[in-house]
Asker: 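Please see the structure below; I have some questions.
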Amino acid sequence: GENVEQHPSTLSVQEGDSAVIKCTYSDSASNYFPWYKQELGKRPQLIIDIRSNVGEKKDQRIAVTLNKTAKHFSLHITETQPEDSAVYFCAASVPNNNDMRFGAGTRLTVKP
Amino acid sequence: EAGVAQSPRYKIIEKRQSVAFWCNPISGHATLYWYQQILGQGPKLLIQFQNNGVVDDSQLPKDRFSAERLKGVDSTLKIQPAKLEDSAVYLCASSFSRNSGNTIYFGEGSWLTVV
């Protein structure tokens with residue numbers, strides 16, 4: 001089955017700096033890669049996603065890149081703000097089966 | 001639009017006792033998921049339903065966990081008997097269909113502590 005690895009497990013940045021979180025996946029058939037943000041005690045919420053036919057997607061300060069050959073994808077947050085502090089999870093799923101496999105998460109802390 | 005509803009939010013039980021969690025997905029969502037999230041880890045899929053049928057329960061510890069979605073809407077996850085290592089947040093989620101790329105929406109979770 002699919003295995004998703006995520007790093008780093010913790011990341012601390014100064015407000016205004018950029019943050020990058022990286023994930024690798026094992027199943028070359030995976031074609032959908034969402035990123036979820038989970039604040040303490042809250043539900044995971046989708047912040048951005050990318051499909052395998054696209055190499056990059058951007059939404060304001062958030063961008064995701066995908067390298068299918070290397071089987072890795074990354075989340076980029078620019079101009080970080082304290083409210084970006086949360087745990088971020090990457091995930092991957094294969095066609096015809098929304099069985100999402102999640103990474104272990106990255107705890108991002110943005111220091112004011 | 002109402003989100004995924006779960007109850008109870010918090011539960012503390014002793015080991016070997018039983019517990020049940022309830023979930024009401026977003027209206028119109030055919031696919032329902034139960035995830036287990038242990039502290040410090042990512043959500044792990046326990047079971048996936050398409051309408052009232054199970055499509056994937058390969059990671060469900062069937063000796064103690066059971067789940068049903070009898071009418072294709074609400075679902076119940078039961079643990080009996082509970083073990084200490086079952087302490088976790090149980091997240092219910094739903095999506096419009098099980099095709100890859102359908103956004104999965106999570107509930108707030110049911111926090112279980114087994115003592």
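Values reported hereafter were calculated over all heavy atoms of this structure, with side chains retained and with hydrogens, waters and symmetry mates removed. Throughout, protein chains are lettered first and strands after them, A, B, ... in sequence-line order, and every chain is numbered starting at 1.
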Asker: Do B:Val73 and B:Tyr33 share a hydrophobic cluster, counting only Ile, Leu, Val, Met, Phe, Trp and Tyr and linking them when any side-chain heavy atoms are less than 4.5 Å apart?
Answerer: no
Asker: Spell out, yes or no, whether B:Phe65 and B:Val54 are grouped together once hydrophobic residues are joined by side-chain heavy atoms under 4.5 Å, including indirect joins.
Answerer: yes
Asker: What part of A:Gln45 gets closer than 4.5 Å to chain B, counting heavy atoms only: side chain, backbone, both or neither?
Answerer: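 When you check distances to chain B, no heavy atom of A:Gln45 falls under 4.5 Å.
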Asker: Would you say A:Val54 ends up clustered with A:Val64 if hydrophobic residues are merged whenever their side chains have heavy atoms under 4.5 Å apart, either directly or through other cluster members?
Answerer: yes
Asker: If you count the non-hydrogen atoms of other residues, nucleotides and ligands that lie under 6.0 Å from CD in A:Gln60, is the total more than 12?
Answerer: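 Counting neighbours around CD of A:Gln60, 12 or fewer heavy atoms of other residues, nucleotides or ligands fall under 6.0 Å, so no.
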Asker: Could you check which of B:Glu108, B:Lys44, B:Gln50, B:Gln41 has the highest count of heavy-atom pairs closer than 4.5 Å to chain A?
Answerer: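 Highest number of heavy-atom pairs under 4.5 Å: B:Glu108.
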Asker: In Å and rounded to the nearest 0.5 Å, what is the CG to CD distance from B:Leu91 to A:Gln38?
Answerer: 6.5 Å
Asker: Mark yes when over 12 heavy atoms from residues, nucleotides or ligands other than B:Lys62 sit less than 6.0 Å from its NZ; otherwise mark no.
Answerer: yes
Asker: State the CZ-CG distance between A:Phe102 and B:Leu45, to the nearest 0.5 angstrom.
Answerer: 9.0 Å
Asker: Which bit of B:Gln37 comes within less than 4.5 Å of chain A, counting heavy atoms only: side chain, backbone, both or neither?
Answerer: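 For B:Gln37, the contact with chain A is made by the side chain alone.
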Asker: Checking A:Pro44 against chain B: side chain, backbone, both or neither under 4.5 Å from a heavy atom?
Answerer: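 It is both, since atoms from each part get that close.
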Asker: Of the backbone (N, CA, C, O) and the side chain (C-beta and beyond), which part of B:Gln59 lies under 4.5 Å from a heavy atom of chain A, both, or neither?
Answerer: side chain
Asker: Does atom CD (A:Glu5) have a neighbourhood of more than 12 heavy atoms from anything else shown, all under 6.0 Å?
Answerer: no
Asker: For A:Arg107, is it the side chain, the backbone, both, or neither that has a heavy atom closer than 4.5 Å to a heavy atom of chain B?
Answerer: neither
Asker: Looking at chain A, which one of B:Ala93, B:Gly107, B:Gly109 has the largest number of heavy-atom pairs inside 4.5 Å, strictly under?
Answerer: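 Max contact count across the listed options: B:Gly107.
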Asker: Quick one: do A:Met100 and B:Tyr35 satisfy side chain to side chain contact (heavy atoms under 4.5 Å, CB included)? Show the steps, please.
Answerer: CA-CA 10 Å; A:Met100 204 74 67; B:Tyr35 285 86; 3.5 Å; yes
Asker: Is chain B contacted by the side chain of A:Tyr36, its backbone, both, or neither, given a heavy-atom distance below 4.5 Å?
Answerer: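 Only the side chain of A:Tyr36 comes within 4.5 Å of chain B.
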Asker: Does A:Phe73 share a hydrophobic cluster with A:Ile62, counting links as ILVMFWY side-chain heavy atoms below 4.5 Å and allowing steps through other members?
Answerer: yes
Asker: A:Gly105, A:Gly41, A:Ser30: which one forms the most heavy-atom pairs within less than 4.5 Å of chain B?
Answerer: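 It is A:Gly41.
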Asker: Do A:Ile77 and A:Leu66 land in one hydrophobic cluster if side-chain heavy atoms of ILVMFWY residues count as linked below 4.5 Å?
Answerer: yes
